[in-house]
Structures are given as C-alpha cells and as structure tokens.
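First up is the structure itself, then whatever we jot down about it.
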Amino acid sequence: MNIAVITKIVPDTEARLTLASERVDLSSVEMVINPFDEYGLEEALKIKDSDENAKVCVLMVGPESVRKQVVSCLALGADEAVVIDDEAIDGGNPLAVAEVLAAEVKKLDSTLVFAGKQGVDYDWGLTAIAVAQKLNWPHVGVVKEFTPDFAAGTFTAVTEADEGDLTFTGSLPAVITAEKGLNTPRYASLKGIMKAKKKPFAVHKLADTGVDATAVGADQARLEEVQAAHPPAREPGRIIEGEEVLDRVCELVRVLREEAKVL
Amino acid sequence: MAKTLVYLEAKGDELKKISREMMTVARMLGDSAAGVISTGSDAALASAGKLGLKKLANLAPENGKLYAAEAFAAELAKLVEAEAPAYIIFGQTNLGRDLAARLAATTGVGYMSDVTAIEPGEPPTFVKPLYAGKIIGKFRFKGEPPHILTIRPNIFSPSDATGAEVATETVQPDYTSARSVLTSIAEKAAGMIDLREATVIISGGRGIGEAANFQMLFDFAEKTGAAVGASRAVVDEGWIEHAHQVGQTGKTVNPTLYIACGISGAIQHLAGMQTSKCIVAINTNESAPIFKVADYGIVGDCKEVVPLLLEEILKSRG
Ligand SMILES: Cc1cc2nc3c(=O)[nH]c(=O)nc-3n(C[C@H](O)[C@H](O)[C@H](O)COP(=O)(O)OP(=O)(O)OC[C@H]3O[C@@H](n4cnc5c(N)ncnc54)[C@H](O)[C@@H]3O)c2cc1C
C-alpha cells in the first residue's frame, strides 16, 4: 500500500519578515516544513508502523533547495521523496500546485493522501482539497481523529466544529487534511537521519508529471496579490497601577466598562 | 450591480451569527443575493427566508447524512451556473471553508479564504492576515466571475436587514454517490460557548500553574458567559483539550474582550487573538511580550487576580 504525504515549506514561525517592494522578502528567512503537514506525515508513519508493506512518499512542489527540509521527512521514516521543481508552475496558485501533485499521486497508485489542514503562510486551505477533486477522490478536512479500515476500504474521521465533533464516514482512497491534535509527531532518531541520506529522492520537472504547462502557468491565476504590508502596531496599552491587587482589579473593571465599553 | 450567492449556516433552530455577517458582505458586493443553506429545521429555514434574499435553496439533510462536500459542491456548481453570481460567499467555519475549497476545485474559479476586510473599488480589494498576522495581504480577483470568498467570523457587523419571506426550494443532494459523508454530530455540552463565537474569552497559559487551576477559568466563563481559551504550552502539557487552543496552530478568535492569564504572548499565540477588540493581560512578569499587545495589563498572579476580577465584574453587573 502506498501513502502520499503532500507538504510545503513555510517560514519558521519565529521568523521576522521584511518587505521589499510591497512583497514579503523570504530570501533570507529560515524555512521549515509546514507545521500542520507534520501531523499528516505522522499519521502516514503510524500506518507504516503497523503495516510493513506500507510505503510513504513525500511530495512537494518547490525549488530543489528544499532538499534539507524534505530529507527531514525521510529521517522521520518516509520511504521516498519527490520534489517537483519547475518555473513553469505557478507555486502561488493552489489549483496549479494541486494539478501537479495530483498527477504525481496518480503515478504512485496511493490509497491515501495526507496533508496539513492549511499552510501557515497564506492559510488558503485549498491545495489538498483540490488534489482530492482532481483525483476524483473524497476528502475530509481538519481531521483530529482518523480510523481507516483497509480490509473494508473504509474510514471514519472526526473533525471539531462549532456545532461539536463531526464524524465522517467514507471510502478509500481519500485525501485527509490534518489538524493539530491528530497525533503527536515523533522525533527523528540518529539511525533515521543516517538512513535518510540513502533514500530515493527524485527531482521532477513538469514534463515528468505529464501536466501541460498551460494548465499551471501564472496566467491561470484568478487571484493576484496587490500588496503585502506590516499590520499597524496596536496602540500601546496601559498597566493598571494600584496599591493592592483589589485596587487594580477594581480600576480594570472600571476602565473596561467606561473606556473600552466591553463589559 | 452584481449578484451574490451566500452559503448560510444554522445551528439547530437558529441561524449562526456568521450568516448575518455574510449578508453584510453580500450587500457590500452586490445588490441582490441568493442563499443556500442546509438545515433540517423549519425555524432556521424561516429565519433564513427573511434575510432579504431573492431566493433560497435548502440542501436537505437526510437521516444520518448531514453533509457531503462532493455532493454539496456539485449542487452549488449547478446553482452558480443558474444564478451567475459575481461572488459566492462562505463563512470561514469548519464546513464553510470545506465546501468553499471543494467548490473552488470543482469549478476552477477564483478563491480567497478568511477575508477580514474589503476595500471598495472596481474591482474591490480583499484583505487577509498572512504569516500568522505578521503581514496583511491585499488581493484582487482576476478574470471572469464568479469568485469565491470565505469571511472570518466576528469581523463584519451582522446585518439586521429583513425582507419578505421567500419560498424555499428544496434540493436533494446526491448522497449515494458521495464517498465521504458527515454522519453524526456530537453536540457540545450545553453552556459550552464556542471560542470562535464568544464575545468574551478568558485564556490560560502555563502561568496558571497547574491543570486544576483551569477550573478557576471555567468558573469565570460559566458565570460571565465567556469561553475558555488556552495557550499551546498547556494543551501540550495535557492540562486542557486542543479544542481550546488559541493561536497559529489553534483557533483564530475575535472576541470583544480577550483576557490572557499567565500567557507570555509568543508570536504564535498572538496570531490567533491579536485582532480582538480589547486585550487584557494578567502576568507576573512586567516585561512579558503579551503586554505589548494588551490594551490593559495587570502585573500580578493570575490565581489571585482572576477570582477578584470575577467578583468585581459580577458586582458591577448588579
Ligand atoms: C510551529 C509552532 C506553532 C505554535 N502554535 C501555537 C499556538 O497556536 N498557540 C500558542 O499559544 N502557542 C503556540 N506555539 C507555542 C509558543 O511558541 C509558546 O511556546 C506558547 O504560546 C507559550 O505558552 P505560555 O504563554 O502558556 O507559556 P510560557 O511562555 O511559559 O509563559 C508563561 C507566562 O506566565 C507568566 N506567569 C508565570 N506565573 C504566573 C502567575 N502566577 N500569574 C500570572 N502569570 C504568570 C510568565 O511570566 C510567562 O509570561 C507554537 C510554537 C510553534 C513552534
């Protein structure tokens, strides 16, 4: 059984971001695997733990310079990686990226695709669901509990919504996007890190995927970014002073009622 | 002006607040709106019918079949074809975002999620926070309509406009061909207010000391009608469930009042709450970063401050 994990790199969440010509300048920012994708990868690895025939392939559309981050996925236990690096792909358009990823998933003959619920850069939450649509597979998004039954070819998945916990039932193959809490990602072992270097790591061009360049080019984008800016700083706040704790609390309640008018 | 299509949401017999927020956005972007909803409640349907819509379709749930992205997206695609809206508006809720994405993939039209502001113009500019709120991004749609957008809850003021009740058209989604179906909802315990809908949130971090002290926050929440949030540190400690986590890998919340108790104010936490209208921080360390975003701060032990705060708020309410 093959399982694909689709992932991307995003700026380290601690990173400071600077702007150049009203765009975010990522040229000197430390990039990491998207945090939500780590839960997707872990879910795939858990299946591999209990089924030695399961193979996990990590897929990413991005520049070949992502090698370090992708190798970190192999160190955790994934079996192989495919990076699709081609300037003809409009990496900012989730539908274009999904087209390419779906083509690679097809070649893998996968039963499951895992991904994070969204990238913590633009938070679109579209790519993985679009992969499902392009494969003509079902999907469940933002999953916090996943129980496959491979013998029956079915699954249940639970997601948390404002209504309460939602339980989905469905059939495999399927695309599942991970919420934090789905599992606890493992750490890489030294052995894993050593082995990772020898695992298959392919870099594909668009031509290798069989996707036509006209389908994924920049002119296909239906949304354009016109400006990126830093948010206005919040007005500096005020520390409530007072002799006793009770004095401070009383003053806080007063300002919340009278100044902020939020009580 | 343009037509819009809104995907309304109800919870039991009530329309969710986000539905009225979507109506506000629909009026900003067009002069006539058609609505789609999926509810088994006649009361919710009647409320939706009075929002001032031109028409309303109900994607009827069946017993044990409450939602299916594939089937709903297929029905919506047909409605889009028939109505030719310029914008299709969803809430950035669990099911709203799910269906919006599946519809975008089905139709290939423009898609923008989690919109927090709209600047009028031809075409309008849509705004959303990027990179955990470190950046504000502005976007415009290109090419032929329709365009799909999801709006962040609690940002746009809810519309109170009403109109003559429109007749509802019942649409039967094709659940049998859908391969992933929402089969049950385990409703939240009564009195548990959802973080994303709460007007007041009291949130605890490692500074509250131990798991048992969360009871103090639940007490506060129960007596004042607030919801309880948490930092990731305490979720990872197992002091409270992930459902309460606020931040980049938790929930994005927008309450009127956010009270951070014993939370240092890491960038990933701020990502989820910095658009709150008023932020209060209670922290023993006067140089904790949370004070940089707080409107009001108390330097002190939250175990001491929170019970007093509860008492004083209740007193002030009489
Ligand atoms: C990829 C990634 C994603 C993340 N996502 C999130 C997220 O979604 N949400 C999130 O919250 N974090 C997230 N984090 C973690 C974040 O970086 C911080 O580690 C976390 O927010 C810290 O939680 P805390 O403020 O409760 O704990 P600490 O940082 O330990 O702060 C505790 C605070 O309590 C104060 N304190 C101590 N005792 C008291 C007392 N008696 N009374 C009052 N104050 C007291 C201290 O002065 C301190 O400021 C993420 C991290 C990463 C790397």
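Below, chains carry the letters A, B, ... as their sequence lines are ordered, and counting in each starts from 1. Only heavy atoms go into these numbers, but all of them, side chains included; no hydrogens, no water, no symmetry mates.
- The parts of A:Val226 that come within reach of chain B are both its backbone and its side chain, each placing non-hydrogen atoms under 4.5 angstrom from that chain.
- Aromatic ring pairs are classed by plane angle as parallel below 30°, tilted from 30° to 60° and perpendicular above 60°; the pair A:Phe146 and A:Phe155 is tilted.
- Interface summary for chain B: among A:Ala233, A:Pro236, A:Ala221, the most heavy-atom pairs under 4.5 angstrom belong to A:Ala221.
- Residues B:Pro153 and B:Glu197 fail the side-chain proximity criterion, which asks for heavy atoms closer than 4.5 Å.
- Under 4.0 Å is where a charged nitrogen must lie from a carboxylate oxygen, and between A:Arg254 and A:Glu251 at least one such pair does.
- Contact annotation for A:Phe36: only side-chain heavy atoms (C-beta onward) come within less than 4.5 Å of a heavy atom of chain B.
- Contact check for B:Glu119 versus B:Val127: side-chain heavy atoms found under the 4.5 Å cut-off.
- One finds a salt bridge joining A:Arg234 and B:Asp295 here, because a Lys/Arg side-chain nitrogen approaches an Asp/Glu carboxylate oxygen to under 4.0 Å.
- Looking at A:Ala132, the atoms closer than 4.5 Å to chain B (heavy atoms on both sides) sit in the backbone and in the side chain alike.
- Residue contact with chain B, scored on non-hydrogen atoms closer than 4.5 Å, involves the side chain of A:Leu26 exclusively.
- Under the 4.0 Å criterion applied to side-chain N and carboxylate O atoms, B:Lys16 and B:Glu9 are assigned as salt-bridge partners.
- For A:Pro231, the parts sitting under 4.5 Å from any heavy atom of chain B are the backbone and the side chain alike.
- Residue A:Gln220: no heavy atom, backbone or side chain, is found under 4.5 Å from chain B.
- Interface remark: B:Thr199 contributes no atoms to any contact with chain A (heavy atom separation under 4.5 Å).
- Contact count versus chain A (heavy atoms, under 4.5 Å) is highest, among B:Val305, B:Leu309, B:Ile298, for B:Ile298.
- Residue with the most contacts toward chain B among A:Asp162, A:Val253, A:Asp165: A:Asp162 (heavy-atom pairs, distance under 4.5 Å).
- Using a 4.0 Å cut-off between charged side-chain N and carboxylate O, B:Lys128 and A:Asp123 make no salt bridge.
- Proximity to chain B (any heavy atom under 4.5 Å) is restricted, for A:Val142, to the side chain, taken from C-beta onward.
- Inter-residue side-chain proximity for A:Val29 and A:Val24 is flagged as unmet; no heavy-atom pair is nearer than 4.5 Å.
- Of the residues considered (B:Gly110, B:Ser184, B:Ala281, B:Ala69), B:Ser184 shows the highest number of contacts with chain A, using heavy-atom pairs under 4.5 Å.
- Proximity to chain B involves both the backbone and the side chain of A:Ile240, based on heavy atoms less than 4.5 angstrom apart.
- Heavy atoms of B:Ala104 lying under 4.5 Å from chain A belong to its backbone as well as its side chain.
- Residue A:Asn136 touches chain B through both its backbone and its side chain, counting heavy-atom pairs closer than 4.5 Å.
- For chain B, no part of A:Lys144 is nearby; none of its heavy atoms comes within less than 4.5 Å.
- Heavy-atom pairs under 4.5 Å with chain A peak, among B:Ile267, B:Leu66, B:Ile136, at B:Ile136.
- Of the atoms belonging to A:Leu223, heavy atoms from both backbone and side chain fall under 4.5 Å from chain B.
- Contacts of A:Leu166 with chain B are made by both backbone and side-chain atoms, with heavy-atom separations under 4.5 Å.
- Interface check for chain A: of the options B:Gly108, B:Gly143, B:Gly300, B:Ala178, the most heavy-atom pairs under 4.5 Å are formed by B:Gly108.
- Applying the side chain to side chain contact (heavy atoms under 4.5 Å, CB included) test between A:Leu59 and each of A:Thr7, A:Leu101, A:Val5 identifies A:Leu101 as the sole match.
- Only the side chain of A:Arg257 comes within less than 4.5 Å of a heavy atom of chain B; its backbone N, CA, C and O stay farther away.
- The residue among B:Gln248, B:Glu70, B:Lys11 with the most heavy atom pairs within less than 4.5 Å of chain A is B:Gln248.
- Neither the backbone nor the side chain of A:Ala174 comes within contact range of chain B, judged by heavy atoms closer than 4.5 Å.
- Between chain B and the residues A:Thr127, A:Thr169, A:Leu19, A:Val131, the largest count of heavy-atom pairs under 4.5 Å involves A:Thr169.
- Of the two parts of B:Gln245, only the side chain, counted from C-beta on, holds a non-hydrogen atom closer than 4.5 Å to a non-hydrogen atom of chain A.
- Using a 4.5 Å cut-off between heavy atoms, B:Arg140 contacts chain A through both its backbone and its side chain.
- When B:Phe126, B:Tyr111, B:Phe141 are compared by the number of non-hydrogen pairs under 4.5 Å with chain A, B:Tyr111 comes out ahead.
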